[in-house]
Amino acid sequence: KSGKVLVIFEDGKEYLEKTINVSKNDSTSDVASKVASSLSELAGWNVTHQQGTANVVFTAKSAEADKDIKITIENK
């Protein structure tokens with residue numbers, strides 16, 4: 001189903017909400033690319049997506065102790 005999806009990133013320091021448009025014809029790779037692109041402005045993280053996969057990778061820009069991040073994706 002086509003529509004809007006809310007993507008929320010939280011890591012205890014940064015919080016970012018973005019809305020992306022998805023099409024019923026989008027592949028899982030297309031959706032992952034849209035998620036990665038929408039979160040690219042995170043200050044403390046590099047966000048990447050490898051074309052052809054459903055993986056979105058978050059890499060901290062500076063070394064810190066391991067910490068949890070929370071990604072929430074929900075229909076709007």
Side-chain angles (χ1 to χ4, degrees):
K1 159 178 163 177
S2 298
K4 294 182 183 293
V5 175
L6 179 64
V7 179
I8 303 169
F9 174 94
E10 302 174 77
D11 73 355
K13 290 183 181 178
E14 283 191 76
Y15 179 91
L16 182 62
E17 278 188 26
K18 290 292 185 174
T19 299
I20 60 172
N21 293 311
V22 293
S23 167
K24 66 180 180 179
N25 296 323
D26 283 348
S27 67
T28 55
S29 180
D30 294 334
V31 174
S33 178
K34 290 176 182 185
V35 169
S37 179
S38 73
L39 298 176
S40 65
E41 67 187 62
L42 287 166
W45 297 88
N46 291 314
V47 184
T48 57
H49 166 253
Q50 182 178 354
Q51 188 61 34
T53 73
N55 299 328
V56 178
V57 178
F58 297 84
T59 307
K61 290 181 180 177
S62 63
E64 292 187 32
D66 288 344
K67 65 178 174 178
D68 293 330
I69 63 172
K70 180 179 176 183
I71 310 296
T72 305
I73 300 175
E74 55 190 48
N75 290 326
K76 281 190 93 173

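What you see below is based on every heavy atom in this structure, not just the backbone, and it leaves out hydrogens, waters and symmetry mates. Given the structure is predicted, the values throughout are model-derived calculations rather than measurements.
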task: Give a yes or no on whether K61 atom NZ has more than 12 heavy-atom contacts from other residues, nucleotides or ligands under 6.0 Å away.
output: yes
Name the atoms and distances for all side-chain donor-acceptor pairs under 3.5 Å in residues 39-48, with sequence neighbours left out.
{"unit_1": "S40", "atom_1": "OG", "unit_2": "S37", "atom_2": "O", "d": "2.9"}
{"unit_1": "E41", "atom_1": "OE1", "unit_2": "K18", "atom_2": "NZ", "d": "3.1"}
{"unit_1": "W45", "atom_1": "NE1", "unit_2": "D11", "atom_2": "OD2", "d": "2.8"}

message: Can you tell me how far apart OG1 (T53) and CD (Q51) are? Round to the nearest 0.5 Å.
response: 8.0 Å
message: Can you confirm whether more than 12 heavy atoms, excluding those of Q50, are under 6.0 Å from its CD atom?
response: no
message: Using every non-hydrogen atom in the two residues, find where L6 and I8 come nearest and quote the distance to one decimal.
response: CD2-CD1, 3.8 Å
- prompt: L16 and S38: which non-hydrogen atoms are nearest, and at how many Å?
  reply: CD2-O, 4.1 Å
message: How long is the straight-line distance from NE2 of H49 back to CG of N55, given to the nearest 0.5 Å?
response: 7.5 Å
query: Applying the 4.5 Å side-chain criterion to the ILVMFWY set and letting contacts propagate, would V35 and I69 be lumped into a single cluster?
result: yes
- request: Please check if F9 and V57 belong to a single hydrophobic cluster, counting links between Ile, Leu, Val, Met, Phe, Trp and Tyr side chain heavy atoms closer than 4.5 Å.
  value: no
query: In Å and rounded to the nearest 0.5 Å, what is the OG1 to CD distance from T72 to E10?
result: 5.5 Å
message: Ignoring hydrogens and geometry beyond distance, is a side-chain donor-acceptor pair present between D30 and S33 at under 3.5 Å?
response: no
field: K34 side-chain N/O to N21 backbone N/O, donor-acceptor pair under 3.5 Å
entry: yes
field: Exceeds 12 heavy-atom contacts within 6.0 angstrom, atom NZ of K67
entry: yes
task: Give a yes or no answer on whether the side chain of S23 reaches the backbone of S2 with a donor-acceptor pair at less than 3.5 Å.
output: no
statement: Taken in chain and number order and not counting sequence neighbours, the residues that satisfy salt bridge (Lys or Arg N to Asp or Glu O under 4.0 Å) with E74 are none
message: Within the 4.5 Å heavy-atom criterion, are N75 and V5 side-chain neighbours or not?
response: yes
